[in-house]
Protein chains: 2
Amino acid sequence: MSTAERLVESTRDLLWERGYIGTSPKAIQQRAGVGQGSMYHHFAGKPDLALAAINRTAQEMRAKAEEQFSASGDATERITAYLRREREVLKGCPIGRLTQDPDVMADPMLRAPVEETLAWLRDRLAEILAEGRERGELDAALDPQATAATVVAVLQGGYVLARAADSPAPFDQAITGVLGLLAAHTSTAPK
Amino acid sequence: MSTAERLVESTRDLLWERGYIGTSPKAIQQRAGVGQGSMYHHFAGKPDLALAAINRTAQEMRAKAEEQFSASGDATERITAYLRREREVLKGCPIGRLTQDPDVMADPMLRAPVEETLAWLRDRLAEILAEGRERGELDAALDPQATAATVVAVLQGGYVLARAADSPAPFDQAITGVLGLLAAHTSTAPK
């Protein structure tokens, strides 16, 4: 791995574990095994490095979600696959957690990828739900945009509950609950 | 307000705004207008002060929720009133946000009130949902425990989405979505 690469990867790890406010340039250098001069040769400073780290994490998150979103299956199957995918539940969401970082939220450059990623997730889920409704897989009363926001919120909030309980159980329960609620909107008519 | 009181209130504000990792003893003293010696006269240190602050916030959160939980109305009405209550959405949840603070999660004393408050919320909502099911307000297929976890997760995740978007709109959408899903489980039989 190149020096720049090691710095970005170390920043990603530290942002996930300790957040932006809790990550010092010194901690990044130590984890990457890179000196201060070398770090400032590659990056203008902590915000610059954090932006590269957040952009990469956001990109990965989209690519992983798209695997389930564009798979075969009806709307409910694809959403179930997305929600039930294996996750490091106790670590929480590396993008969602940044919303609790006042310095990230106060910086439009750093906030942009956080905002865009969560908006993209909602939009993609809304598309899938709208598609399912058109195909008659979901009943007409279902509001795709609102339901999509609910699904993303359940995931983000599920992480909060799991971290509070130091157990993935409440995360799994929250997913079971929303899928149960969604099931009542699944059309019983033959496809 | 007494000195101890001012210190606790300042700590509550700072924990909400900047989290535990982002709150220094010095910042607490400055906001409270209290000297270092006076702070250490009243509290052993930052963890001790944070515990008092978190306990008070947790107590207030329960009392506010209980206002809607124990109001009159059927299960759906009380849950709707709870979810639609006026909130400082963009500030997020002062308890939920602490789950992103590695130093709070690593300290069993500080984590306890966070865990207990979110567990209590889930249990109370599960009771209300179970009651609604017994009374025939909600259909028998509804899983009270899982649905309660979903409702708490939607709130916590709704805050994340609102902060990311710098707008309460996605929070409101997530609430609309879960209430829409819940409506499909509302018994259509005459009460």
Side-chain angles (χ1 to χ4, degrees), chain A residues 17-22 90 92-93 95-103 105 111 114-119 122 139 141-143 145-166 169-185, chain B residues 17-19 21-22 90 92-93 95-103 105 111 114-119 122 139 141-166 169-185:
Chain A
E17 288 164 27
R18 305 195 53 81
Y20 186 81
I21 228 174
L90 291 182
C93 174
I95 292 295
R97 74 107 63 226
L98 295 170
T99 61
Q100 302 305 330
D101 241 311
D103 295 349
M105 292 298 100
R111 192 162 65 76
V114 177
E115 175 167 17
E116 285 160 14
T117 305
L118 293 171
R122 287 191 282 130
D139 76 39
L142 189 103
D143 176 339
Q145 203 67 50
T147 308
T150 301
V151 169
V152 181
V154 167
L155 259 186
Q156 292 295 328
Y159 287 125
V160 171
L161 300 184
R163 284 180 64 85
D166 198 22
F171 178 93
D172 294 336
Q173 275 198 323
I175 301 294
T176 299
V178 76
L179 290 174
L181 290 172
L182 201 56
H185 280 276
Chain B
E17 289 164 25
R18 303 197 54 81
I21 228 175
L90 290 182
C93 174
I95 292 296
R97 74 108 63 228
L98 296 170
T99 60
Q100 302 305 331
D101 241 312
D103 296 349
M105 292 299 100
R111 193 163 65 78
V114 177
E115 175 166 17
E116 285 160 15
T117 305
L118 292 171
R122 286 191 283 133
D139 76 39
L142 189 104
D143 175 339
Q145 203 66 48
T147 308
T150 301
V151 169
V152 181
V154 166
L155 260 185
Q156 293 295 329
Y159 287 125
V160 170
L161 300 185
R163 285 180 62 86
D166 197 23
F171 177 94
D172 294 336
Q173 274 199 324
I175 301 295
T176 300
V178 76
L179 290 174
L181 290 173
L182 201 56
H185 280 276

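Residue numbers begin at 1 in each chain, while the letters A, B, ... track the order of the sequences. Atom set for the values below is all heavy atoms of this structure, side chains included, hydrogens, waters and symmetry mates excluded. For clarity, every value in this text was computed on a predicted model and none was experimentally measured.
Side chain of B:Arg122 to backbone of B:Ala149: no donor-acceptor contact under 3.5 angstrom is found. Within the 3.5 Å criterion, the main-chain N or O of A:Asp103 finds no donor-acceptor partner in the side chain of A:Asp101. Of the possible donor and acceptor atoms, one in the side chain of B:Arg97 sits under 3.5 Å from a partner among the backbone N and O of A:Gln100. A donor-acceptor pair is defined here as one N or O able to donate and one able to accept, closer than 3.5 Å; such a pair exists between the side chain of A:Thr99 and the backbone of A:Gly96.
Using a 4.5 Å cut-off between heavy atoms, A:Leu98 does not touch chain B at all. Proximity to chain B (any heavy atom under 4.5 Å) is shown, for A:Ala165, by both the backbone and the side chain. Within the 4.5 angstrom heavy-atom criterion, atoms from both the backbone and the side chain of A:Leu182 approach chain B. Of the two parts of A:Glu17, only the backbone, made up of N, CA, C and O, holds a non-hydrogen atom closer than 4.5 Å to a non-hydrogen atom of chain B. No part of A:Asp172 comes within reach of chain B, as not one of its non-hydrogen atoms sits under 4.5 angstrom from that chain.
Taking chain A as the reference chain and counting heavy-atom pairs below 4.5 Å, the highest number among B:Gln145, B:Met105, B:Arg111 is found for B:Arg111. When each of A:Val178, A:Val152, A:Thr176 is scored by its heavy-atom pairs under 4.5 Å with chain B, the top score falls to A:Val178. Ranked by non-hydrogen atom pairs under 4.5 Å with chain A, the options B:Asp143, B:Leu118, B:Thr117, B:Val114 are led by B:Leu118. Each of A:Asp166, A:Leu179, A:Val151, A:Leu142 has some count of heavy-atom pairs under 4.5 Å with chain B, and the biggest count is that of A:Asp166. Most heavy-atom pairs under 4.5 Å with chain B: of the set A:Gly158, A:Gly177, A:Ala153, this distinction falls to A:Ala153.
Side-chain contact between B:Arg18 and A:Ile21 is present, with at least one heavy-atom pair separated by less than 4.5 Å. When side chains are defined from C-beta on, A:Leu181 does not count as touching A:Thr150, because their heavy atoms never get closer than 4.5 Å.
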- Test log, rule side chain to side chain contact (heavy atoms under 4.5 Å, CB included), inputs B:Ile175 and B:Leu155: CA-CA 7 Å; B:Ile175 301 295; B:Leu155 260 185; 4.1 Å; yes
